Q: 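First the structure, then my questions, so here it is.
Below, read A as the first sequence line, B as the second, and so on, with proteins coming before strands; counting in each chain starts at 1. Just so you know, these numbers come straight off a predicted model, no measurement behind them.
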Amino acid sequence: MPEQHDNRPDPARGPQPSGPDAQRSSRDPGRYDFAAIEALWQKFWQDNKTFRIGNPGAPDFDAGRPKRYILDMFPYPSGAGLHVGHPLGYCATDIYARYSRMKGFNILHPMGYDAFGLPAEQYAIETGVHPAETTARNIDNMRRQLKLFGFSYDWSREMATSTPEYYKWTQWIFLQMFNSYYDEAVWTDPNGRLVRGRARPIAELIEQLEANKIGVDDALDLVRNPADQPHRKWADLSVSERDTVLNRQRLAYLDEVPVNWCPALGTVLANEEVTSEGRSDRGNHPVYRRPLRQWMLRITRYAERLLEDLELVDWPEPIKLMQRNWIGRSKGADVDFAVASGSVDAPVVADYEAWTKERAGRGLPGKTEDFVIRVYTTRPDTLFGATYMVLAPEHPLVGRITTAEQRADVERYVETARHRSDLDRTADTREKTGVFTGAYAINPVNEQRIPIWVADYVLMSYGTGAIMAVPAHDTRDFEFAKTFDLPIVPVVQPDETWLHEQILRGAIDEEYCRKIRRPNFKEEVLDSASRAAGIVGGITAQNASALIDGDDSWINQVAMPAYAENPAVFSEAFTGEGLAVNSGTFNGQTTAEFKENITMWLNEHGVGRGAVNYKLRDWVFTRQRYWGEPFPILHGPGGQTRGLSESDLPLELPEVEDFKPAVSHDKDALPEPPLGRATEWKTVEIDGATWTRDLNTMPQWAGSCWYYLRFIDPGNAERFCDRAAERYWMPIDTYVGGAEHAVLHLMYARFWHKVLYDLDHVSTAEPFTTLINQGMIQSFAYSDKRGINVPVDEVEERPDGTFVDRRSGEPVVQAIAKMSKALKNVVNPDDVIAQFGADTFRCYEMFMGPLEASKPWNTRDVPGVHKLLNRIWRLVVDAGTNELSPALSDDPPSDEALRILHKTIKKVGADIEEFKFNTAIGQIFEFVNVMTPLDKRPRRVIETFVLVVAPFAPHLAEELWSRLGHDRSLAYEPWPQYEERLARDETVEIAVQINGKVRAKIMASADADSKTLEEAALADPKIRQALEGKKIRKVIAIPGRLVNIVAT
RNA sequence: GCGCGAGUGGCGGAAUUGGCAGACGCGCAGGACUUAGGAUCCUGUGGGGAAACCCGUCCCGGUUCGAAUCCGGGCUCGCGCACCA
């Protein structure tokens, strides 16, 4: 707890207003001079370090108090500064923090800057100004703006991710990942939960390798049980082989992954930056998909835990759902398909019978043989319907199994696919393309030879990059099979409702019917359906309803046979569940039974097993940029990698003259990132050998993955943060930010946190207990009849509610949109504060509506809130004299005054706890509405009310508190208590309904029971009149609410 | 296409989660005080009707004594994912 703040500012000595206001102030000495008041108190808070908080162990720190860690998502210091959207969340957390302080919590409420990033670098490329310089300037401006709002941050903890003191620890955490592997064993975590798998120091793995408890196979993958499997010993491996083995286990590892490479821009582009023509969004240069050696983070190992632990946090359900979808867990089976003998020159299963015999009883091998295609499916129950296979164009087997006759076609196809961007491949058109490889595989369940195709609708990045195609029951396979005339065998009986709907919707593929020379198929089906249902004249609008309501036998007589004969005549595949058909001994089983049984069968025969898959991919962690954290890594002469030791951190960003990426017109040229120009920095001599530094930088997410930990102990030079302080402050109780970070930032930060947790560096499994997403602040935008945007401040509303361009008088139309320069509807917080003050800004944004909702800024509404603050001011200060208002009275407060006060304390407190600030301010309005007309205002009531207002309008509240005679800041005054008895009305109005319609209102005591209410209601003259001649059937009386009389 | 969320006066939004729809604010109308007001204060303000009353929470249907709220179907808007096998 900070010590008492006793330097009470004297308002008379505070900054004196000047300019046009000064004149008015001489006539209105006691007016609400927000500018002076806000400057005064901001200086006071700063001088007195009012909001500074220590850590456990500090002399003035009371560790006995409960804590709240209240955090905003920190901003990127852009050149444009804060827009009105930023402070929305900041105001909310500040109100909550100020309130919580008054409630007696120790509050950690810090602010900083996510300062590495592209805009500063882009600016440097264009102007030559160093990003550090731009960033520092932008931070200064943003700090200035943040301070204008009077946020109660502990500014001593301010920091930026781009300083070496900070990124030293970003690099350190990266090294933790580099020096760790994922051990799959189940363990009990420090919180007593059973968890499968955790990060462990890679030194532990090396120990086991050295002790020969773990071996290595020919492909340099781990052999877990070297006792009964052939393997190589660690001692016999070369340096680079060892490096490869470890690289495959590290949580931060190097891998060749396909990226969008633009040689002309000298950089990798995100999918979003590539046009559908496969060219760069900026500059229209060609883009190639090429494998590039990248740093990767093995987040996929954490997929299950990231999914499961969503149960531990209190987040908005939609955000949890987005994370679940992003992780994309699915359950199914891996199945091995042997490439058929004689179909290709490559090694194949010469003797399928012997091969199956050999596999039976042994389980699925960890790795596939050369001549085996492994697929993943969520529907192993449809295996009998797998009539062909598809490999992704990038699948390594494509080149090997393609027959000589098909080679030219396949190669051409693969090359085209390489040039299509991911975006294009997944674009809406989705026309199915593909080429037959000439090879066949054997379906393990029925030993049928099925053709193997290459098609780009199969993605190398999901599952195994190969699928078994079941055209009858998968939408994509269905389309593909129809395009290329592949057989479609139904193996799941569609349910009647589905068939019913297909026929009635006329979902029959007429084009396909013409193709198979049955052009009248649709009519045939519909006719016989109608006939079976006893309807004459085919299916018309009237007859359709007869079909719906009538006899369903036509489904079994007509639709089922039509489907069984050829499912392709329908427009859609049946992808639902149902009973198995055409599936040998499995016929008749339900989908669920079948899945279970076939998985067992596959297991027994050594051709498959149950499997779980995730959409989540490992995180590409490399950027070919300058303005980011350098990797603390050295590359050796033999291609081996080594991490810097902790004592060599931070590895500082070198100075370079030119920030432009190296540009080339050779698509195969290797990129040289800007760091390559730091010739001195680039290389290091170790024992006579030359090692090279990694020339890439980390992505912008890196710094924000752990900043919340640094806030706990930002000055610590020995550790990323003090252990005891971490244990006290973590987890973050309340985290507020935009929903745009629902997936990436929040997922990445949770991942890093779990790694640190596994390695015993932090004490909680999850970093963010409660998450709140503030909505977007939109703005009205106006456009004239030519569609040209008209600046907001040039638009005038006319009495009839229409809008005109003030300059031309032409009508304009109003729309609600994001704020943007192009729409000329940006609102600058600096302007609003200058005109109305920070307290007004804070209250206005909170009053706009629910925090989570997107809502339009409407400058017209701001004066209303300003007026509220003005009225509060005048409850205390006399406008004419600048003295305390003569209406303030020391007489005992009236019941009315007490009731509104206690109601207000109760409502505002409850609303703040629930982040419902809009209704809290509504209640403050009500208090002022009741208090204003009173000619005697009880001083104690007003004083208490000032405390209630303080979290929302802290400058105003401090000033009034001070004028009311208090000599210390109210920041740590206890939040007032309310008495339930006083917060309740004694008598309430009760609505009396007859048959649900209000017919009368009666006054009753608030705690009158049902019986009393019923009697009072029936005694009411209006009710008696309305009930005349009617019989009362029932009376429902809800105490405190209403009475409903049911009468006929 | 799949998933999620939301539709309430002229506008922003309330409604104890099934109990008087429209709290509070803006805007608008009228009034008071003022040399003046973009200040302040008071009154009114969902629609229709002279009134008694009637109609009203996107639309249609249902459950219930009672529905903005729950259920079924549909429409519109916003967001997320998008050939994930």
Side-chain angles (χ1 to χ4, degrees), chain A residues 24 28 31 316-319 321-322 324-326 328-330 332 375-379 382 390 392 423 425-428 430-432 455-459 461-470 474-477 479-480 613-617 739-740 742-743 775-776 778 780 797 799-801 814 816 843-844 847-850 852-865 867-868 870-871 874 879 907 910 916 918-926 928-929 932-933 989-998 1000-1001 1033-1038 1040-1047:
Chain A
R24 254 179 48 203
D28 264 340
R31 80 185 205 287
E317 211 43 55
I319 302 291
L321 194 68
M322 277 165 72
R324 287 195 192 103
N325 290 342
W326 190 263
R329 184 186 203 270
S330 69
V375 302
Y376 170 74
T377 175
T378 52
R379 292 294 299 271
T382 61
V390 187
L423 221 60
R425 264 169 76 165
T426 61
D428 255 339
R430 279 189 203 172
E431 254 184 30
K432 293 282 178 295
D456 65 5
Y457 80 91
V458 173
L459 308 174
S461 48
Y462 182 77
T464 59
I467 61 156
M468 66 175 208
V470 184
D474 178 280
T475 316
R476 297 143 302 171
D477 300 343
E479 287 165 18
F480 191 82
N613 236 302
Y614 303 92
K615 285 196 235 174
L616 185 70
R617 324 256 166 86
E740 67 273 20
V743 177
M776 203 180 336
Q778 301 159 312
F780 293 111
E797 186 175 1
D800 61 358
Q814 188 187 56
I816 292 175
C843 291
Y844 170 66
F847 189 56
M848 285 173 79
E852 314 80 39
S854 290
K855 57 240 160 198
W857 177 281
N858 194 348
T859 303
R860 191 179 75 179
D861 291 344
V862 178
V865 180
K867 212 165 80 181
L868 171 71
N870 211 352
R871 291 170 71 193
R874 280 197 317 276
K907 172 85 174 141
K916 287 161 69 174
N918 54 331
T919 49
I921 292 181
Q923 182 63 39
I924 291 174
F925 266 110
E926 292 203 46
V928 175
N929 285 346
T932 303
E989 196 183 58
I990 301 286
V992 182
Q993 301 181 329
I994 295 175
N995 295 334
K997 295 198 171 171
V998 180
K1001 297 197 172 174
R1033 302 275 169 203
K1034 198 174 174 186
V1035 178
I1036 294 116
I1038 314 288
R1041 301 253 183 268
L1042 53 53
V1043 178
N1044 189 13
I1045 300 162
V1046 186

Q: Expressed as a whole number of Å, how far does the P atom of B:rG7 sit from that of B:rA51?
A: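 These two P atoms come out 33 Å apart once rounded.
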Q: Please give, in whole Å, the distance from B:rG80 P to A:Glu740 CD?
A: 10 Å
Q: Nearest whole Å is fine: how far is B:rA85 P from A:Arg617 CZ?
A: 11 Å
Q: Could you check which nucleotide pairs with B:rC77 in any of the strands shown, counting Watson-Crick or G-U wobble with both distances under 3.5 Å?
A: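 Pairing partner: B:rG5.
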Q: For A:Arg329, give me all partners under salt bridge (Lys or Arg N to Asp or Glu O under 4.0 Å), at least two apart in sequence or on another chain.
A: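 A:Arg329 satisfies salt bridge (Lys or Arg N to Asp or Glu O under 4.0 Å) with A:Glu304 only.
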Q: Nearest 0.5 angstrom please: A:Lys432 NZ to A:Asp456 CG, how far?
A: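 That separation rounds to 9.0 Å.
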Q: Could you tell me how far B:rC11 sits from B:rC60 if I compare only their C1' atoms? Round to whole Å.
A: 29 Å
Q: State which residues pass side-chain hydrogen bond (donor to acceptor under 3.5 Å, both in side chains) with A:Arg871; sequence neighbours excluded, sorted by chain then number.
A: A:Asn929, A:Thr932
Q: If pairing requires Watson-Crick or G-U wobble contacts with both distances under 3.5 Å, which nucleotide is the partner of B:rG56?
A: none
Q: Mapping A:Thr378 and A:Gly864 onto RNA chain B by nearest heavy atom, which one lands closer to the 5' end?
A: A:Gly864
Q: Between B:rG38 and B:rC24, how far apart are the C1' atoms? Round to whole Å, please.
A: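 These two C1' atoms come out 22 Å apart once rounded.
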Q: What integer number of Å spans the C1' atoms of B:rA6 and B:rU69?
A: 14 Å
Q: Expressed in whole Å, how much space separates the C1' atoms belonging to B:rG46 and B:rC28?
A: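 These two C1' atoms come out 14 Å apart once rounded.
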Q: Output all residues satisfying salt bridge (Lys or Arg N to Asp or Glu O under 4.0 Å) with A:Arg1033, sequence neighbours left out; order by chain, then residue number.
A: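 By the salt bridge (Lys or Arg N to Asp or Glu O under 4.0 Å) rule, A:Arg1033 matches no residue at all.
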Q: May I ask which nucleotide in the shown strands pairs with B:rA36, Watson-Crick or G-U wobble, both distances under 3.5 Å?
A: none
Q: Does B:rC20 pair with anything, Watson-Crick or G-U wobble, both distances under 3.5 Å, and if so, with which nucleotide?
A: none
Q: Checking contacts here: which listed nucleotide (B:rA85, B:rG5, B:rG3) is nearest the side-chain heavy atoms of A:Leu321?
A: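 Ranking B:rA85, B:rG5, B:rG3 by closest atom to the A:Leu321 side chain puts B:rG3 first.
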Q: Once you apply the 3.5 Å cut-off to both distances, tell me the Watson-Crick or G-U wobble partner of B:rA15, or none.
A: none
Q: Contact class for A:Glu317 vs. all strands (heavy atom < 4.0 Å): base, sugar-phosphate, or nothing?
A: nothing
Q: Watson-Crick or G-U wobble partner for B:rC28, using a 3.5 Å limit on both distances?
A: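 Pair assignment: B:rC28 / B:rG44.
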Q: Between atom CZ of A:Arg874 and atom CZ of A:Arg31, what is the distance when rounded to the nearest 0.5 Å?
A: 12.5 Å
Q: List the residues meeting side-chain hydrogen bond (donor to acceptor under 3.5 Å, both in side chains) with A:Gln923, not counting sequence neighbours, and say none if there are none.
A: A:Thr904
Q: With syn defined as a glycosidic angle within 90° of 0 and anti as the rest, where does B:rG9 land?
A: syn
Q: A:Pro316 versus A:Glu852: any side-chain heavy-atom pair under 4.5 Å?
A: no
Q: Going by purine N1 to pyrimidine N3 plus the second Watson-Crick contact, or the G-U wobble pair, all under 3.5 Å, which nucleotide sits opposite B:rC70?
A: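 Answer to the pairing question: B:rG62, which forms a Watson-Crick or G-U pair with B:rC70.
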Q: Who is the Watson-Crick or G-U wobble partner of B:rA51, with both distances under 3.5 Å?
A: none
Q: Tell me: OH of A:Tyr844 to P of B:rC24, nearest whole Å?
A: 19 Å
Q: Side chains of A:Asn858 and A:Pro856, heavy atoms from C-beta outward: is any pair under 4.5 Å?
A: no
Q: What integer distance in Å separates A:Asn870:CG from B:rG25:P?
A: 15 Å
Q: Determine the minimum heavy-atom distance between A:Tyr462 and A:Ser330, stating which atoms define it.
A: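 It is OH-OG, 3.3 Å.
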Q: Any non-hydrogen side-chain atom of A:Asp474 less than 4.5 Å from a side-chain atom of A:Thr382?
A: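 Contact flag for A:Asp474/A:Thr382 side chains = no.
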Q: Who are the ring pair (Phe, Tyr, Trp, His ring centres under 6.0 Å) partners of A:Phe480, not counting sequence neighbours?
A: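 Scan of A:Phe480 (ring pair (Phe, Tyr, Trp, His ring centres under 6.0 Å), adjacent residues dropped) gives A:Tyr388, A:Trp453, A:Tyr457, A:Phe484.
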Q: Do A:Ile1036 and A:Val1043 touch side chain to side chain, with heavy atoms closer than 4.5 Å?
A: no
Q: What pairs with A:Lys615 under salt bridge (Lys or Arg N to Asp or Glu O under 4.0 Å), at least two apart in sequence or on another chain?
A: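 For A:Lys615 there are no salt bridge (Lys or Arg N to Asp or Glu O under 4.0 Å) partners, ignoring immediate neighbours.
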Q: Identify each atom pair where a protein N or O and an N or O of nucleotides 41-48 of chain B are less than 3.5 Å apart, giving names and distance.
A:
unit_1: B:rC41; atom_1: OP1; unit_2: A:Arg871; atom_2: NE; d: 3.2

Q: Return the set of residues passing side-chain hydrogen bond (donor to acceptor under 3.5 Å, both in side chains) with A:Lys855 (not counting sequence neighbours), or none when no residue passes.
A: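 For A:Lys855 there are no side-chain hydrogen bond (donor to acceptor under 3.5 Å, both in side chains) partners, ignoring immediate neighbours.
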Q: Checking A:Asn1044 side chain against A:Gly996 main chain: does a donor-acceptor pair fall under 3.5 Å?
A: yes
Q: Atom CD1 of A:Ile467 and atom C1' of B:rA85: how far apart are they, to the nearest Å?
A: 6 Å
Q: Taking atom C1' in both B:rC58 and B:rC42, what distance in whole Å separates the two?
A: 38 Å
Q: With rounding to the closest Å, how many angstrom separate the P atoms on B:rC26 and B:rU45?
A: 16 Å
Q: OH of A:Tyr457 versus P of B:rA85: gap in Å, rounded?
A: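 Rounded to the whole Å, the gap is 13 Å.
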Q: Using a 4.0 Å heavy-atom cut-off to protein, can you give one letter per nucleotide of nucleotides 9-16 of chain B, 5' to 3': B if the base is in contact, S if only the sugar-phosphate is, - if neither?
A: -B-BSSSB
Q: When you compare the protein's N or O atoms with those of nucleotides 63-66 of chain B, which come within less than 3.5 Å of each other, and at what distance?
A:
unit_1: B:rC65; atom_1: O2'; unit_2: A:Asn1044; atom_2: ND2; d: 3.3
unit_1: B:rC65; atom_1: O2; unit_2: A:Asn1044; atom_2: ND2; d: 2.7

Q: Polar-atom pairs under 3.5 Å, protein N or O versus N or O of nucleotides 54-56 of chain B: list them with distances, or write none.
A:
unit_1: B:rC54; atom_1: OP1; unit_2: A:Arg999; atom_2: NH2; d: 3.4
unit_1: B:rC55; atom_1: OP2; unit_2: A:Lys997; atom_2: NZ; d: 3.3

Q: From CG of A:Leu1042 over to C1' of B:rA67, roughly how many Å is that when rounded to an integer?
A: 13 Å
Q: Does B:rA85 have OP1 or OP2 under 4.0 Å away from a side-chain N or O of A:Tyr462?
A: yes
Q: Can you tell which of B:rG3, B:rC20, B:rU40 lies closest to the side chain of A:Asn325?
A: B:rG3
Q: Which residues satisfy the side chain to side chain contact (heavy atoms under 4.5 Å, CB included) test with A:Val865, sequence neighbours excluded?
A: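 Here the qualifying residues are A:Cys843, A:Tyr844, A:Phe847.
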Q: Tell me if B:rU45 is syn or anti. Syn = glycosidic torsion within 90° of 0, anti otherwise.
A: anti
Q: What's the shortest heavy-atom distance between A:Asp477 and A:Val470, and which atoms?
A: OD2-N, 2.9 Å
Q: Between B:rU8 and B:rC77, how far apart are the C1' atoms? Round to whole Å, please.
A: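 Nearest-Å result for B:rC77 against B:rU8 at atom C1': 15 Å.
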